[in-house]
Amino acid sequence: MDIQEIEKEKSHIIVEIIQYIPNAVLSKTIIKKTTGNITASSFDAGEEQAEKIAPFDNYIQIIDGTAEIIINDKLHKLTLGQGIIIPAHAKHCFIANVQFKMISTIIKSGYED
């Protein structure tokens with residue numbers, strides 16, 4: 001994963017900051033802080049991200065294509081512009097039957113409440 005943030009105070013077109021790479025999942029850091037981060041990812045068709053569990057809520061928004069996300073064994077199909085919150089401690093994985101790009105926003109604070 002690229003840990004260098006994108007340039008500040010410079011406009012960009014979100015869907016163009018990350019490209020598709022054949023047979024790969026690619027991620028680019030938009031912003032990374034101790035309290036959370038925002039990442040753009042691209043999945044080539046046929047790729048999957050292994051099931052995992054994260055200790056924080058994660059907001060996913062699809063910015064290109066269609067994604068399948070399995071959260072706690074329930075399948076969710078998201079299309080362009082749709083978003084979903086993956087709850088903290090939920091097992092989840094991503095499946096790319098077709099190419100898709102997404103933005104992931106993780107908030108690491110506020111869990112003290």
Side-chain angles (χ1 to χ4, degrees):
M1 177 186 269
D2 179 2
I3 59 170
Q4 182 178 353
E5 296 179 359
I6 64 172
E7 187 176 348
K8 295 179 180 173
E9 295 188 39
K10 182 178 180 184
S11 66
H12 58 272
I13 298 172
I14 195 67
V15 74
E16 294 178 357
I17 67 168
I18 194 161
Q19 304 304 315
Y20 290 111
I21 303 295
N23 305 309
V25 175
L26 184 65
S27 294
K28 178 154 180 68
T29 302
I30 296 172
I31 191 167
K32 185 174 182 74
K33 303 293 179 202
T34 56
T35 54
N37 55 65
I38 302 171
T39 306
S41 298
S42 66
F43 287 69
D44 193 26
E47 294 300 307
E48 294 185 16
Q49 185 182 51
E51 185 175 272
K52 65 180 184 177
I53 296 174
F56 309 109
D57 288 343
N58 185 355
Y59 179 72
I60 302 296
Q61 183 176 13
I62 304 305
I63 59 171
D64 190 46
T66 301
E68 291 188 359
I69 303 171
I70 299 173
I71 304 171
N72 289 328
D73 300 319
K74 183 177 178 188
L75 177 64
H76 302 270
K77 293 184 180 185
L78 275 67
T79 59
L80 177 64
Q82 289 185 307
I84 194 166
I85 297 172
I86 300 171
H89 309 291
K91 64 179 179 175
H92 62 279
C93 65
F94 297 91
I95 302 166
N97 290 320
V98 297
Q99 288 182 328
F100 76 90
K101 294 179 183 179
M102 69 180 195
I103 298 294
S104 169
T105 304
I106 296 175
I107 305 299
K108 295 181 179 179
S109 62
Y111 292 90
E112 310 81 27
D113 301 338

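Here the side chains of K28 and L26 are not in contact, with every heavy-atom distance at 4.5 Å or above. Between V25 and Q49, the closest side-chain pair of non-hydrogen atoms is not below 4.5 Å. The side-chain heavy atoms of K52 and C93, taken from C-beta on, include no pair separated by under 4.5 Å. Put simply, the side chain of D64 does not reach to within 4.5 Å of the side chain of Q99, judged on heavy atoms. Between N37 and T29 there is no side-chain heavy-atom pair separated by less than 4.5 Å.
Closest approach of A88 and P55 over heavy atoms only: CB-O, 3.5 Å. Across every non-hydrogen atom of I21 and D44, the tightest pair is O-CB, 3.4 Å. Here the closest non-hydrogen pair linking S42 and Y20 is CB-CD2, 3.9 Å. Considering all non-hydrogen atoms of both residues, I85 and I71 come closest at O-CD1, 4.3 Å. Of all non-hydrogen atoms in I103 and A40, the two that sit nearest each other are CD1-CB, 3.7 Å.
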Let me see the working for T66 and T79 under side-chain hydrogen bond (donor to acceptor under 3.5 Å, both in side chains), right down to the final yes or no.
-> CA-CA 4 Å; T66 301; T79 59; 5.8 Å; no
Walk me through it: do L75 and E68 pass the test side chain to side chain contact (heavy atoms under 4.5 Å, CB included)?
-> CA-CA 7 Å; L75 177 64; E68 291 188 359; 3.8 Å; yes
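Atom CE of M102 and atom CD of Q82 lie 14.5 Å apart (nearest 0.5 Å). For the atom pair CG of N72 and NZ of K91, the computed distance is 7.0 Å after rounding to the nearest 0.5 Å. Once rounded to the nearest 0.5 Å, the distance linking CD of Q61 with OG1 of T105 reads 8.0 Å. The distance from the NZ atom of K32 to the CD1 atom of I38 is 12.0 Å, given to the nearest 0.5 Å. For the atom pair CD of E48 and CG of N97, the computed distance is 8.0 Å after rounding to the nearest 0.5 Å. In this structure, I69 CD1 and I60 CD1 are separated by 5.5 Å, a value rounded to the nearest 0.5 Å.
The hydrophobic cluster containing I6 also contains I31, counting ILVMFWY residues as joined when their side-chain heavy atoms lie under 4.5 angstrom apart, directly or transitively. Note: the hydrophobic cluster containing I63 also contains I30 (ILVMFWY, side chain heavy atoms under 4.5 Å, direct or indirect links). Residues I62 and I13 do not share a hydrophobic cluster, clusters being chains of Ile/Leu/Val/Met/Phe/Trp/Tyr side chains in contact below 4.5 Å.
Aromatic ring pairs are classed by plane angle as parallel below 30°, tilted from 30° to 60° and perpendicular above 60°; the pair F43 and F94 is tilted.
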